[in-house]
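Shown next, in structure tokens, is the structure this report addresses.
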Amino acid sequence: MSEIKNAGRPASDENAEDDWAAAKAFFENLKTKTPRPPKPRNAVTIAVSSRTLFNMVEERKIYEEEGVEKYVAYQVEHENEPLEPGAAFPFVKALMNVNSRLRELYPDDEELFDIVLMTNNHAQVGVRLINSINHHELTVERFCMTGGKSPIGYLKAYMTNLYLSKNSEKVGEAIEEGIAAATMFSPSTETQLSDMQLRVAFDGDAVLFSDESEIIVKQGGLDVFFEHEKMFENKPLAQGPLKCFLEALGKLQRKFYTKNERLNCPIRTYLVTARSAASSGARVLKTLRSWGLEIDEALFLAGAPKGPLLQKIKPHIFFDDQMFHVQGAKELGTIAAHVPYGIGQKYHRGKLIEQQEKK
């Protein structure tokens with residue numbers, strides 16, 4: 001029995017762990033003017049693909065027409081030429097502005113936005129991406145480059161609160177994994193956005209809320225829907241795929257409210273819904289209240305187009321589950337993102353896609 005009395009970790013392992021702890025402490029105490037990314041468990045992590053952060057239309061064309069080797073060679077050859085901003089660029093810049101304001105109020109706090117570049121690009125392309133990030137003075141320290149494989153499996157490991165991509169299939173996979181995600185689209189015309197305030201606009205059903213009410217509209221029509229919503233006015237709607245992201249925004253907003261900065265808060269949220277206020281609006285507002293969440297502006301359009309109103313709001317991003325709303329928004333200069341969730345994906349402008357295809 002005496003042979004096993006020292007069983008357990010070898011002394012060498014214990015020494016190695018002590019060395020690691022000492023090295024980590026040394027690194028954390030180093031002084032730098034560059035803001036360090038917060039710990040993932042404290043941060044609101046936004047994962048963006050390279051094609052949403054930057055305009056890579058020409059590069060994508062090379063990839064599709066000439067293959068991956070020519071694509072990588074082109075990127076290496078042009079790695080000192082910074083990429084132009086993409087659809088998510090203004091959103092990311094606005095996130096950075098919020099971080100700056102938070103650091104002024106809470107110098108040592110880690111409840112900040114953490115932007116992660118999540119891409120299936122090869123590492124060889126990384127130099128051009130790094131050069132582009134530095135050229136545009138973006139704070140993006142965490143990269144995930146998967147060399148041609150889908151990055152979806154890494155989203156949970158990075159504790160992602162929101163994933164933005166140009167690839168609708170990857171976005172769908174992320175939503176199935178329970179991660180808030182959307183497919184981004186560039187606006188048809190350029191709009192001047194706020195430099196001082198992050199503005200995020202959400203559709204309601206199948207975005208913040210589940211699609212249960214949309215199912216009733218599609219199956220029973222508006223009258224049945226109105227009766228249902230009045231009957232269940234005091235029953236909160238189930239959460240949708242982006243409820244957790246609104247929750248994360250609300251947590252950061254409250255940090256400003258605590259410092260008496262409500263009127264100067266650099267985050268503003270909008271609910272832009274096709275619902276009518278009198279017939280079906282109360283359940284929506286009561287649901288948000290039951291979640292302990294606030295929305296800064298609630299806009300009930302009663303079926304009217306969303307594009308003209310969004311043109312006035314000028315959000316850095318607008319989320320909707322219906323592609324025709326996304327299309328209408330981006331045609332009028334709004335950066336729009338499609339959330340491929342719920343029964344609405346089977347319909348286009350109120351008609352079943354299957355029936356349209358048969359015709």
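Computed from a predicted model, the values in this text were never measured in an experiment. Because only heavy atoms are used, hydrogens play no part in the values below, and waters and symmetry mates are left out as well, while side chains stay in.
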inquiry  = Please check if the number of heavy atoms outside Gln124 that lie under 6.0 Å from its CD is greater than 12.
reply    = no
message = Between Val171 and His338, is there a side-chain heavy-atom distance shorter than 4.5 Å?
response = no
Side chain to side chain donor-acceptor pair (under 3.5 Å) involving Glu233 - partner list, sequence neighbours excluded = Lys286
ask   = Which distance, rounded to the nearest 0.5 Å, do you find between the CD of Glu141 and the CD1 of Ile130?
value = 9.5 Å
ask   = Between Glu110 and Arg41, is the closest basic N to carboxylate O distance under 4.0 Å?
value = no
message = Is there a path of hydrophobic side-chain contacts, each under 4.5 Å between heavy atoms of I/L/V/M/F/W/Y residues, joining Met323 to Val339?
response = no
key: Heavy-atom closest contact (Ala206 atom, Asp211 atom, distance)   = CB-CB, 4.0 Å
query = So do Ser280 and Phe300 actually touch side chain to side chain, heavy atoms under 4.5 Å?
reply = no
inquiry  = Is it the case that over 12 heavy atoms from other parts of the model lie below 6.0 angstrom from the NZ atom of Lys61?
reply    = no
key: Arg262 with Glu294: basic N within carboxylate O range, under 4.0 Å   = yes
request  = Any ring pair (Phe, Tyr, Trp, His ring centres under 6.0 Å) involving residues 183-208? Give me the pairs, sequence neighbours left out, ordered by first then second residue.
outcome  = Phe202-Phe319
request  = Look at the side chain of Asn55 and the backbone N and O of Val57, then say whether any donor-acceptor pair between them is shorter than 3.5 Å.
outcome  = yes
query = Distance-only, no hydrogens or angles: does the Thr258 side chain make a donor-acceptor pair with backbone N or O of Arg254 under 3.5 Å?
reply = yes
ask   = Less than 4.5 Å apart, any side-chain heavy atom of Asn97 and any of Asp195?
value = no
ask   = What about Ile46 and Phe318, same hydrophobic cluster or not, with Ile/Leu/Val/Met/Phe/Trp/Tyr joined at side-chain heavy-atom distances under 4.5 Å?
value = no
request  = State whether the side chain of Ser194 and the backbone N or O of Met196 hold a donor-acceptor pair below 3.5 Å, judged by distance alone.
outcome  = yes
ask   = How many angstroms lie between atom CG of Leu53 and atom CG of Leu138, to the nearest 0.5 angstrom?
value = 6.0 Å
task = Output yes when a side-chain donor or acceptor of Arg128 lies under 3.5 Å from a complementary backbone atom of Leu83, and no otherwise.
result = no
message = For Pro308 versus Leu332, what's the shortest heavy-atom pair and its separation?
response = N-CD1, 3.5 Å
inquiry  = Does anything in residues 310-335 form a salt bridge (Lys or Arg N to Asp or Glu O under 4.0 Å)? List the pairs, not counting sequence neighbours.
reply    = Lys306-Asp320
key: Taking every non-hydrogen atom, the tightest pair across Met184 and Ala88   = SD-CB, 3.5 Å
inquiry  = Quick check against the 3.5 Å criterion: does Lys156 have a side-chain atom that pairs as donor or acceptor with the backbone of Glu177?
reply    = yes
remark   = For Met118 and Tyr154 the tightest heavy-atom approach is SD-CB, 4.2 Å
task = Please name the pair of heavy atoms, one in Ser186 and one in Lys166, separated by the smallest distance, quoted to 0.1 Å.
result = OG-NZ, 3.5 Å
query = Met159, Ile179: one ILVMFWY side-chain cluster at the under-4.5 Å cut-off?
reply = no
task = Please check if the side chain of Gln345 supplies one atom and the backbone of Tyr341 the other of a donor-acceptor pair under 3.5 Å.
result = yes
message = Under a 3.5 Å distance rule, please check whether Arg142 uses its side chain to pair with a backbone N or O of Tyr158 as donor and acceptor.
response = no
inquiry  = Take a 6.0 Å sphere around CD of Glu297 and say whether it holds more than 12 heavy atoms from other residues, nucleotides or ligands.
reply    = yes
task = May I have the step-by-step check of side-chain contact (heavy atoms from CB on, under 4.5 Å) for Leu246 and Val200, ending in yes or no?
result = CA-CA 9 Å; Leu246 176 62; Val200 183; over 6 Å; no
remark   = d(Asp203 CG, Leu301 CG) to nearest 0.5 Å is 9.5 Å
inquiry  = Using modelled atom types and a 3.5 Å cut-off, is there a donor and acceptor pairing between side-chain atoms of Ser100 and backbone atoms of Met96?
reply    = yes
inquiry  = Which residue in the set Leu310, Thr269, Leu198 passes side-chain contact (heavy atoms from CB on, under 4.5 Å) when paired with Pro315?
reply    = Leu310
ask   = Considering residues, nucleotides and ligands other than Tyr63, do more than 12 of their heavy atoms fall under 6.0 Å from its OH?
value = no
Whether over 12 other heavy atoms sit under 6.0 Å from Gln192 CD = no
ask   = Are any of the side-chain nitrogens in Arg60 or Glu64 under 4.0 Å away from the carboxylate oxygens of its partner?
value = yes
message = Suppose clustering is done on Ile, Leu, Val, Met, Phe, Trp and Tyr with side-chain heavy atoms closer than 4.5 Å. Which residues sit in the same group as Met231?
response = Phe232
inquiry  = For a 4.5 angstrom cut-off between non-hydrogen side-chain atoms, does Cys144 reach Leu117?
reply    = no
request  = Start with the C-alpha distance between Asn121 and Ser50, add both sets of side-chain angles, then the distance that settles side chain to side chain donor-acceptor pair (under 3.5 Å), and finish with yes or no.
outcome  = CA-CA 8 Å; Asn121 260 302; Ser50 54; 3.0 Å; yes
query = Would a 4.5 Å heavy-atom cut-off, applied to side chains only, mark Leu102 and Asp109 as touching?
reply = no
task = For a side-chain contact (heavy atoms from CB on, under 4.5 Å) with Lys170, tell me which candidate from Ile152, Leu155, Thr183 qualifies.
result = Ile152
query = Does Glu212 pair with Arg283 as a salt bridge, N-O distance under 4.0 Å?
reply = yes
ask   = Heavy atoms, side chains only, cut-off 4.5 Å: are Asn131 and Asn80 in contact?
value = yes
query = Counting only N and O atoms by type, is there a donor-acceptor contact under 3.5 Å from the side chain of Thr334 to the main-chain atoms of Ala336?
reply = no
Of all pairs that satisfy ring pair (Phe, Tyr, Trp, His ring centres under 6.0 Å), the ones with a partner from residues 86-122, not counting sequence neighbours = Phe89-His136
remark   = Output for pair (Asn99 CG, Leu252 CG), nearest 0.5 Å, gives 8.0 Å
message = Could you go through Met56 and Gln75, starting from their C-alpha distance and side-chain angles, then the distance that decides it, and tell me whether this counts as side-chain contact (heavy atoms from CB on, under 4.5 Å)?
response = CA-CA 10 Å; Met56 300 180 71; Gln75 294 282 38; 3.1 Å; yes
ask   = Roughly how far, to the nearest 0.5 Å, is the OG1 atom of Thr287 from the CG atom of Leu293?
value = 10.5 Å
message = Between Ile295 and Val272, is there shared hydrophobic-cluster membership here, with clusters defined by ILVMFWY side-chain heavy atoms closer than 4.5 Å?
response = no
ask   = So do the side chains of Val140 and Val116 get within less than 4.5 Å of each other, counting heavy atoms only?
value = no
inquiry  = Determine whether Ser213 and Glu229 satisfy the following criterion, side chain to side chain donor-acceptor pair (under 3.5 Å), listing intermediate values before the conclusion.
reply    = CA-CA 8 Å; Ser213 295; Glu229 293 305 283; 3.0 Å; yes
Joint hydrophobic cluster, Tyr163 plus Val326, side-chain heavy atoms closer than 4.5 Å = no
key: Donor-acceptor pair, side chain of His135 and main chain of Pro82, under 3.5 angstrom   = no
ask   = Would you call Arg275 and Glu214 a salt bridge, using N to O less than 4.0 angstrom?
value = no
remark   = Tightest non-hydrogen contact, residues Thr160 and Ala47, listed as CG2-CB, 3.9 Å
inquiry  = Do Ile335 and Pro90 make a side-chain contact, defined as non-hydrogen atoms from C-beta onward lying under 4.5 Å apart?
reply    = yes
inquiry  = Per the ring pair (Phe, Tyr, Trp, His ring centres under 6.0 Å) rule, what does the pair list look like for residues 237-292, sequence neighbours excluded?
reply    = Phe209-Trp291
